[in-house]
Number of protein chains: 2
Amino acid sequence: MTAERNGRPDVPQRILDQATRLFARHGFVGASLRDIARAVGIRKPSLLYHFASKDELRRSVLEQMLTHWNEAVPRILRAATSGPEQFDAIGAETLRFFNDDPDRAPLLLRELLDRPEEIAPLVALRVQPWAKIVCDYIRKGQEQGRVHPDVDPEAYVAQVINLVLCGFATHASLRNVLTAPTSDGEATDRLLREMLRVAKASLFLPVPAEPPTRRPAASARA
Amino acid sequence: MTAERNGRPDVPQRILDQATRLFARHGFVGASLRDIARAVGIRKPSLLYHFASKDELRRSVLEQMLTHWNEAVPRILRAATSGPEQFDAIGAETLRFFNDDPDRAPLLLRELLDRPEEIAPLVALRVQPWAKIVCDYIRKGQEQGRVHPDVDPEAYVAQVINLVLCGFATHASLRNVLTAPTSDGEATDRLLREMLRVAKASLFLPVPAEPPTRRPAASARA
DNA sequence: CCTACCGATCGGTAGG
DNA sequence: CCTACCGATCGGTAGG
């Protein structure tokens, strides 16, 4: 346990939290050690006592986020066990990860832009198990005729990652690109709902009409 | 004309080009005026003779990109006139815009992350006409039963922008997240193809089997 | 965890 | 378009 007796997290954790926030908002070079220290309520040299350099702080921030991701993966894979709403369950758990801390998507996206050669393999490693499950699920669905036969599983997964990452990282900016009349919360809802719908509709075949009490389809539509 | 007699662009244009490149690669704070000046082959004070401040240089870079976008829009809208492959034509022209200069997507994405409140309305203004056409096209398609009735046109457009922007900005990093066996060019192709497929498959209904010889289409909808 | 301080680099200016 | 220079801020260190 790294939390102190009173409710407040200990200093290293508070540094990590504020660094996450400021790196996500202003980027690695745009957020100075002074800014981060001030947000924590200490001086810069004190910060450097806990993290030997700015770059070590960056790596620690990233590592903490990937640890959180690793904790979320079992939940996601459990959601992917069986049942007709597997996809919704995986989607809900994945969205939850980015919703739990709104800094995660922009932080990851910035790292991908700033240091692709360093981050890509790191992400690949952690996303691999998740992606493999989803790809297998897709291929099985294709054999069973539930999934579009022309889906390229790996490329589909990559594009959905793009969609989710960018969707969360810029939804604060892009929701106003839509017509203004909607409230902020409503605009976010519309964007999230459409994000999931796009991911689903591009994956599944339009269900060959075999729900419980339906006749052999053909004319059913609307 | 701003180009000199010999093939080389004039100095301000060369500054804009290098600034675009370095802002896209390292971000606004991460690319110094010294770096940009050196890439052009002049000294920093000379650069500041052409652009009064770093921020003015940033605005000029952005303005040039939006100007290029404005030049692409008529081509895109012309492609959207009529014919069954409207969507492919719009897609091809839009992809061409980002392909013509690989710095455009990351530059725009970085600006959206760094200065959402400044960039969002600016993008909204320039994307509005394009988005309106696409939204009208979607709604017409919905009335005609060619497009999924549960597509939220504005949200769909926003998500496709996300997909394209992030897809181009990070495709260099994420294509290796896929299985490695493919060559770089092939991986890019797979990602681009899947990007278009996702955008299309989530939009159109699975063509109600009434190809060339079209009749009034009364039976297609219950 | 602090004060005091370091060289390097930042954006920008003076002056020609 | 240049050389020479400015104050401010950067990441990081000494020393307690």
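Order of the sequence lines sets the chain letters (A, B, ...), proteins ahead of strands, with each chain counted from 1.
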May I ask you to decide whether [X] forms a salt bridge with [Y], counting only side-chain N to carboxylate O separations under 4.0 Å?
X	Y	value
A:K132	A:E154	no
B:R21	B:D17	no
B:D152	A:R197	no

* Tell me, please, which residues at least two apart from B:R126 pass side chain to side chain donor-acceptor pair (under 3.5 Å). =>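 In terms of side chain to side chain donor-acceptor pair (under 3.5 Å), with neighbours along the sequence ignored, B:R126 is linked to no residue.
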
* B:R96: partners by side chain to side chain donor-acceptor pair (under 3.5 Å), with sequence neighbours left out ->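 Checked B:R96 against side chain to side chain donor-acceptor pair (under 3.5 Å); matches are B:E93.
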
* Are B:F87 and B:F204 an aromatic pair by the rule of ring centers under 6.0 Å? -> yes

* To do: Tell me the stems DNA chain D sits in, counting at least three consecutive Watson-Crick or G-U wobble pairs, each under 3.5 Å on both distances.
  => C:1-16 with D:1-16

Name every donor-acceptor pair, under 3.5 Å, that has one atom in a side chain of residues 35-51 of chain B and the other anywhere in the protein, sequence neighbours excluded.
| from | atom 1 | to | atom 2 | distance (Å) |
| --- | --- | --- | --- | --- |
| B:D35 | OD1 | B:S32 | OG | 3.4 |
| B:D35 | OD2 | B:S32 | N | 3.3 |
| B:D35 | OD2 | B:S32 | OG | 3.1 |

Separation of [X] atom [atom1] from [N] atom [atom2], in whole Å?
X	N	atom1	atom2	value
B:L48	D:dC6	CG	C1'	14 Å
B:L57	C:dC10	CG	C1'	15 Å
B:E56	C:dG12	CD	C1'	13 Å
A:Y49	D:dA14	OH	C1'	16 Å
B:D55	C:dC10	CG	P	17 Å
B:K54	C:dT9	NZ	C1'	12 Å

* To do: Strictly below 4.0 Å, heavy-atom distances to any atom of DNA chain C: list the hits from residues 25-47 of chain B, or just say none.
  =>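 The stretch gives B:A31, B:S32, B:L33, B:R34, B:K44, B:P45 as the residues lying under 4.0 Å from the strand, ordered by number.
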
Report, one line per pair, each donor and acceptor closer than 3.5 Å where one atom sits in a side chain of residues 111-125 of chain A; sequence neighbours left out.
| from | atom 1 | to | atom 2 | distance (Å) |
| --- | --- | --- | --- | --- |
| A:E111 | OE1 | A:R58 | NH1 | 3.2 |
| A:E111 | OE1 | A:R115 | NE | 3.0 |
| A:E111 | OE1 | A:R115 | NH2 | 3.3 |
| A:E111 | OE2 | A:R115 | NH2 | 2.8 |
| A:D114 | OD1 | B:R110 | NH1 | 2.8 |
| A:D114 | OD1 | B:R110 | NH2 | 2.7 |
| A:E118 | OE1 | A:R58 | NH2 | 3.2 |
| A:E118 | OE2 | A:R58 | NH1 | 3.3 |
| A:E118 | OE2 | A:R58 | NH2 | 3.3 |

